[in-house]
Amino acid sequence: MFEIQLLLRKDLRILVNNLKLILRNPLRLIPYAAMLGYIAFVYSQRTKRSSAGVGQLEELGVDGIPQPDFALQNVVGGITILALGFLVFQLYRATKTNVSFFKMADVNLLFTAPVKPQNLLLYYMARSILPALGGSILFVLYGAGQVASQLDLNLANSVFIVLGFALFFFMVFPIRFLIYTLHTKYGVMDYIRGGIVGLGIGLALMILVPGFLAEKFWQGMFAWVASPWFDLFPLVGWSRGIMGYATHGNLVLALAYVALYGLAYFTVVKLVIQFSGYYYEDVLEATKSNEDKLEKARGKKEIGEDAYSLNAKKQLALPDFGVGAKALYWRNYVHSSRQDFHPLFGIYTMGMALIGIVLAGLSNFDWFSHKVFYFYLLFMLFFYFMAGISRANIGDLKKPFFILIPASWGAKFWNMIKLDIVQTLVFSGILILPSVFLAQLSLGLIPLFLAGMVVCYLIGFAINLIPQVGLDEGWDRKLIKPVMIGGIFLFGIIPAIILSVLAFLATKQFVWTLFTAVLGLSFIAAILLHVTLDVLKRIEFKEV
């Protein structure tokens with residue numbers, strides 16, 4: 001107990017010092033004051049409209065029986081699905097990396113101090129609820145202004161809403177720590193990972209199957225997760241039951257869900273303390289990784305190729321790297337395997353593809369028109385154009401082995417981008433093939449979208465590569481690169497977009513619009529690739 005008091009005194013002293021720093025420089029409070037002012041303004045505007053919803057009658061069916069409030073069901077179900085996705089994703093992340101409650105300053109000060117490791121872990125796990133409470137309070141303050149005209153948000157309602165959000169985010173990290181602890185002690189990660197994947201698949205089926213069985217897909221998919229009995233589902237349902245006090249006002253029920261959280265936290269803490277053992281080594285690694293990410297975000301450290309890697313420690317057994325320029329392809333293959341969970345597709349790409357497939361499916365079930373899905377396809381084209389511009393793997397050109405590989409410049413260039421092209425085609429195929437059949441669209445969209453994604457990526461990549469290789473001085477790159485990009489847009493991309501808009505106005509069909517855009521962009525990509533191959537030969541004579 002004396003150790004806990006010392007840790008608490010240390011944090012209070014840090015808090016006092018931070019307050020003194022704020023008093024020395026009050027300008028730090030300007031962003032917070034602006035945020036609070038915005039929240040107060042939104043709340044006041046929404047409150048003025050609160051009388052507009054008074055006197056609304058319950059919608060009745062043909063037989064005079066009250067109909068389900070599908071709007072409320074969709075809101076509750078949608079938020080619940082997002083929370084379930086976040087929970088499953090965080091649990092799966094726990095099978096790859098550990099979570100840390102410490103910073104490097106804490107590690108250097110406390111891990112070498114005569115403090116029991118169990119007390120240190122217990123204190124910092126309990127203290128981690130403070131950031132969750134702070135974020136929840138800000139979220140509720142903002143959300144109160146949005147729903148002020150629909151809900152009677154008094155002090156008690158606001159407290160339970162804050163608790164619902166805070167306890168959910170607070171409990172995720174101790175559970176992640178427990179998962180990694182069990183793996184460290186017993187090596188059961190494969191079983192845990194299989195259970196988490198099975199949980200995700202089971203939840204997805206329980207959401208999608210009722211949707212396909214219902215008359216309208218969106219009514220069925222939300223019916224299960226929005227039902228009252230789903231409040232019994234651990235964490236997600238408990239938080240929803242706590243926040244539900246704002247509507248049903250049942251204090252005993254809300255406190256019961258809080259008690260479930262307390263029981264769950266007590267159980268997790270007991271298991272962690274029992275099985276964690278000497279956890280310093282695992283926590284040190286996770287703490288150092290978090291510190292590196294923070295320094296990169298602040299610009300104090302250069303971002304390397306391992307940035308945003310989800311599977312950085314993955315071990316690969318490749319039988320043959322090949323000879324010559326093929327080594328560039330296999331090098332990118334290894335890096336991509338560690339960047340995500342599969343070298344050709346992973347969490348990021350599958351998530352974006354799933355969004356498009358869901359949009360296509362819902363557009364065929366009277367949720368919205370096909371224009372929303374078309375807009376998503378156009379957004380993906382723009383996204384891959386920007387991905388080509390910001391491609392980090394251009395660092396291959398800075399390596400001596402790129403020049404020394406005994407192969408033609410064309411072969412080197414092709415193997416440098418080969419994996420990117422394959423990844424783009426795989427992602428585009430996973431997205432567009434089921435989407436076209438679900439939404440019953442024109443089959444011509446399939447080859448056009450595949451070609452458009454590759455063309456947009458190549459244009460962006462060439463725009464990034466040509467100034468890096470073709471211009472000798474850094475200032476030339478900074479001055480000429482914007483002019484070059486502006487010329488490409490003015491004389492290439494913008495005319496192609498204008499022609500595609502004219503094609504849409506003439507035909508009223510998106511497939512001809514996309515055909516016109518892809519055709520115009522293909523000419524631009526061919527010209528830029530020709531220039532790229534020409535300037536690439538000069539890389540040997542200077543540093544890129």
Side-chain angles (χ1 to χ4, degrees), residues 329 332-333 336 339-340 342-360 363 370-394 413-439 441-465 485 488-489 492-497 499-501 503-504 509-530 532:
Y329 169 78
N332 294 336
Y333 186 92
S336 181
Q339 191 78 11
D340 215 324
H342 193 277
L344 300 182
F345 57 88
I347 293 293
Y348 300 128
T349 54
M350 293 302 293
M352 291 188 296
L354 181 61
I355 292 174
I357 295 171
V358 170
L359 291 177
S363 67
H370 294 320
K371 294 180 181 179
V372 177
F373 175 68
Y374 293 153
F375 176 80
Y376 186 76
L377 294 183
L378 295 177
F379 173 76
M380 284 292 101
L381 294 174
F382 172 76
F383 181 83
Y384 267 71
F385 168 74
M386 298 303 299
I389 291 180
S390 60
R391 183 175 184 263
N393 206 20
I394 199 173
F413 177 73
W414 165 244
N415 282 277
M416 187 175 65
I417 66 171
K418 178 181 177 181
L419 183 63
D420 296 335
I421 301 301
V422 174
Q423 289 174 337
T424 302
L425 290 174
V426 170
F427 164 73
S428 304
I430 294 175
L431 168 60
I432 196 64
L433 284 172
S435 299
V436 165
F437 291 104
L438 278 176
L441 303 174
S442 173
L443 295 178
L445 286 177
I446 297 176
L448 288 175
F449 183 71
L450 294 175
M453 291 286 283
V454 174
V455 166
C456 288
Y457 173 80
L458 291 177
I459 292 175
F461 180 73
I463 289 176
N464 187 26
L465 182 62
I485 295 176
I488 293 173
F489 270 90
I493 297 178
I494 293 179
I497 294 176
L499 289 176
S500 63
V501 171
F504 176 76
Q509 294 184 7
F510 180 76
V511 62
W512 290 108
T513 304
L514 187 61
F515 172 78
T516 306
V518 171
L519 184 63
L521 294 176
S522 297
F523 283 108
I524 302 171
I527 295 173
L528 291 178
L529 286 178
H530 178 75
T532 300

Distance-minimising heavy-atom pair for G429 and L450: N-CD2, 3.5 Å
For V518 against A451, the heavy-atom pair lying closest together: CG1-CB, 4.1 Å
Whether Y384 and Y457 hold their rings parallel, tilted or perpendicular, with breakpoints at 30° and 60°: perpendicular
OG1-CD1 distance between T532 and I527, expressed to the nearest 0.5 angstrom: 11.5 Å
Please list, one pair per line, the donor and acceptor atoms closer than 3.5 Å that link side chains of residues 372-379 to other protein atoms, with sequence neighbours excluded.
residue: Y376; atom: OH; partner: M352; partner atom: O; Å: 2.5

Value rounded to 0.5 Å, distance of CG in L425 from CG in D420: 11.0 Å
Distance (rounded to the nearest 0.5 Å) between L529 CG and I417 CD1: 6.5 Å
Exercise: identify the closest heavy-atom pair between A353 and L431: O-CD1, 3.6 Å
Minimum side-chain heavy-atom gap L381-L514 below 4.5 Å: yes
I421 side chain near L458 side chain, heavy-atom distance below 4.5 Å: yes
Interatomic distance, S435 atom OG to I355 atom CD1 [nearest 0.5 angstrom]: 11.5 Å
L433 and its side chain to side chain contact (heavy atoms under 4.5 Å, CB included) partner, picked from I357, I446, L445: I446
Pairwise distance CG(L521) to OG1(T516) - rounded to 0.5 angstrom: 10.5 Å
From SG (C456) to CD1 (I493), nearest 0.5 Å: 8.0 Å
Under the ring-ring contact (aromatic ring centres under 6.0 Å, His included) test, residues paired with F449 that sit two or more places apart: none
For F427 against M380, the heavy-atom pair lying closest together: CZ-SD, 3.5 Å
